[in-house]
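Okay, so here's the structure we're looking at.
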Number of protein chains: 2
Amino acid sequence: MALGAEQGMAGLPTITAVAQVAGVSVATASRALHGGGASAATAERVRLVAEQLGYRPNAVARALQGGTIGQIAMIVPDAANPVYARMTSAVQHELAADDRHLLVAQAQDPADVAAAIGRFGPSTIDGLIVVPLRPEPQVLEALDAARVPTVVIGSLPLTAVHGAVGADSRAGVQLAIDHLVAQGAQRIAFVNGPVDTTPGRMRLEGYRLALDAAGLDFDPALVVAADDFTHAAALPAIDALLERSARSFDAIVAANDLIAFAALRVLSDAGIAVPGDCLVVGMDDTELAQMAIPSLTSVDLGAEARGTLAAQQLLASLRGEADAISHATVVPRLVVRESSTRRDRP
Amino acid sequence: MALGAEQGMAGLPTITAVAQVAGVSVATASRALHGGGASAATAERVRLVAEQLGYRPNAVARALQGGTIGQIAMIVPDAANPVYARMTSAVQHELAADDRHLLVAQAQDPADVAAAIGRFGPSTIDGLIVVPLRPEPQVLEALDAARVPTVVIGSLPLTAVHGAVGADSRAGVQLAIDHLVAQGAQRIAFVNGPVDTTPGRMRLEGYRLALDAAGLDFDPALVVAADDFTHAAALPAIDALLERSARSFDAIVAANDLIAFAALRVLSDAGIAVPGDCLVVGMDDTELAQMAIPSLTSVDLGAEARGTLAAQQLLASLRGEADAISHATVVPRLVVRESSTRRDRP
DNA sequence: TTGAAAGCGCTAACAA
DNA sequence: TTGTTAGCGCTTTCAA
């Protein structure tokens, strides 16, 4: 004894310290602390000592020799965006319940996403959740090169061997349009985000499908795409819509809530009342939606649910559950509020 | 040679593989890859081999033997809250530029915050950023027990040896009130969050100081506190304010934008026009503020700046810069929008 | 059931 | 300038 491995001196107590105090070998201590074969008495004693010393296993050492480090990384386009913030929050909660940590990285452009994936060195993460805006080959390659179980949030070419949790944007837009039609809308405009993104593409598809289903004509003059899924980028797009369509629409579907807010603003400035003269529906059902005046009808695409599901799927796969990795889809839900319900005009 | 450490077989190439291929010892390879003493020729050759093999240093192994792992943890009350989301995003950007990763954890209650701090085992992080809502002794103790450089975002008893970056809530509220007074407001109500939080306490102080400075009386009937800094919690509080004050106020300062939105809603429902009958100012200058209708005047308390500063301070201290750890304060900035400017009534 | 020893990938003495 | 050796904390053979 007294080999210099006294606890508390330089740093936290190690398993060596625990073993010493308990009077067993390091190997036995290790076994006692995990499931492994150790006599009940020994196990009990070691555990007691460990607790008294405040022993915390060193995740780094454990990871080094092949184990897991208890960390999951998540790559989102923009952590400040309310949708991704909620997703991130949900993932973190789920991981915390499993005593794991969450690494958050941000990347938008395919090249950056690929780089971000590659930036996680060997052993540093047990799993990966990626939210790609644009699922280009670059990203898919990087995903394949990742050495850890991966779940993608967002649609993915079906060839991929990774897990995936998607929103059903198409169905979401259809929900919105069916609702607007039921409210009596005839000419429904659509303000999209960039069409080269997965959400942009899917939502446009949903728009066309829903119009078809409702027996309405597709009029290109009623469709615009903002350069980005943001409020700022949407403002000029909606200005353009007003002009191009000669204000002939009676409802607007926005590809997300931020764009819907831009619509509310432009309409308000143009003296078009919502919902009196024009109905508006957003998507994502951000917390903003219920706070707006008029409160915003929005399609909940399940940001939180997607985060939770992705985390659960990843955790299950880490636990070795065979059928853990799958392709799940969250069913959208329409939340009706003031902006789309024609009642009394204020 | 051919000792079984061939590259690419089981896992990524290690420094051993690089050394072998380059025909040098592992130590030399290590030295060549870092600054250390190695002949220019050797260094060059090793670096080339490393690149060809796609060698990535194993951060975990490096951390194990006492180095740094390149990870910073951040603990926020709620990652979904737009303010903390922005802060987190800013921190992440700053860290990424220094090639470090960000771990995000969420905890509100002091006990949970303390636990969250303790959950980071030895060697797993190089530094820590904490955003405590309530700086109770429990949290301070946990902070002191942390073995890594720490920066606190939010005010802290000055005894602490950690870095700190604070908002000047007091000055922020004063900015708001001075502005309202300049707009002609006489009876300014204040809708606060919980007073046992640091922001809650400071903002209330600022309110009283500013009233004093403006020569206005403090009327308890004009002050309410929501149970939480959220929209939902603020609604009943503002209802109570209307009742209690007999609607005798002509302006409202809200402790944050979410509460301000609640005010807009309650006022709207009560038929009180903003800014016509009542001016409203929020705090935090969330992205929501510019999106609202009427757009919301708000005091920018520098969420992003605080995140950036905290990260910079932490990084500097990790670099060993002596005077890195300090107590900084971000100066608030009033952003005037429609909700507080009496012009034409719509 | 337990202990001794090897080794994960890396850096840092210490020698040569 | 380079190589040899030890060791970070842990798990895991392999013997006893």
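Chain A is the first sequence line, chain B the second, and so forth, proteins listed ahead of strands; every chain is numbered from 1. Here the structure is a predicted model, which means the values were calculated and not measured.
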Atom of B:L143, atom of B:H162 and distance for their closest heavy-atom approach
O-CE1, 3.4 Å
Taking for B:S25 and for B:L64 the nucleotide of DNA chain D with the nearest heavy atom, the one nearer the 5' end belongs to B:S25
Quickly, which of A:T197, A:T198, A:D196 forms a side chain to side chain donor-acceptor pair (under 3.5 Å) with A:R134? Name it, please.
A:D196
Kindly point out which of D:dT1, C:dG3, D:dC10 is positioned nearest to the side chain of A:Y55?
D:dC10
Taking the side chain of B:T14 as its heavy atoms from C-beta onward, which of D:dT2, C:dG9, D:dT11 lies nearest to it?
C:dG9
Check this one for me: any side-chain N or O of B:S30 less than 4.0 Å away from OP1 or OP2 of C:dC10?
no
Which part of the nucleic acid does B:V60 contact within heavy-atom distance under 4.0 Å: base, sugar-phosphate only, or nothing?
nothing
Out of C:dG3, D:dT2, D:dC8, which has the shortest distance to the side chain of B:Q65?
D:dC8
What contact category does B:A38 fall into here, base, sugar-phosphate, or nothing, at under 4.0 angstrom with non-hydrogen atoms?
sugar-phosphate
Under-3.5 Å donor-acceptor pair between B:R56 side chain and C:dG9 base
no
Side-chain donor-acceptor pair under 3.5 Å between A:T124 and A:Q71, yes or no?
no
Looking at CG of A:L318 and CZ of A:R100, how far apart are the two atoms once the value is rounded to the nearest 0.5 Å?
5.0 Å
At what angle, to 10 degrees, do the two end axes of the helix from C:dT1-D:dA16 to C:dA16-D:dT1 meet, given five pairs define each axis?
50°
What nucleotide among C:dG3, D:dC10, C:dG9 has an atom nearest to a side-chain atom of A:V24?
C:dG3
Under 4.0 angstrom, heavy atoms only, what part of the nucleic acid is B:P122 near: base, sugar-phosphate, or nothing?
nothing
Could I get the full list of salt bridge (Lys or Arg N to Asp or Glu O under 4.0 Å) partners for A:D78, not counting sequence neighbours?
none
Within this structure, what is the CZ-to-C1' distance between A:R62 and D:dC8, rounded to whole angstrom?
16 Å
With a 4.0 Å heavy-atom cut-off, tell me which residues in residues 40-49 of chain A come close to DNA chain D, sorted by residue number.
none
For a quick check of understanding: with a heavy-atom distance under 4.0 Å over all strands, which category does B:G66 fall into, base, sugar-phosphate or nothing?
nothing
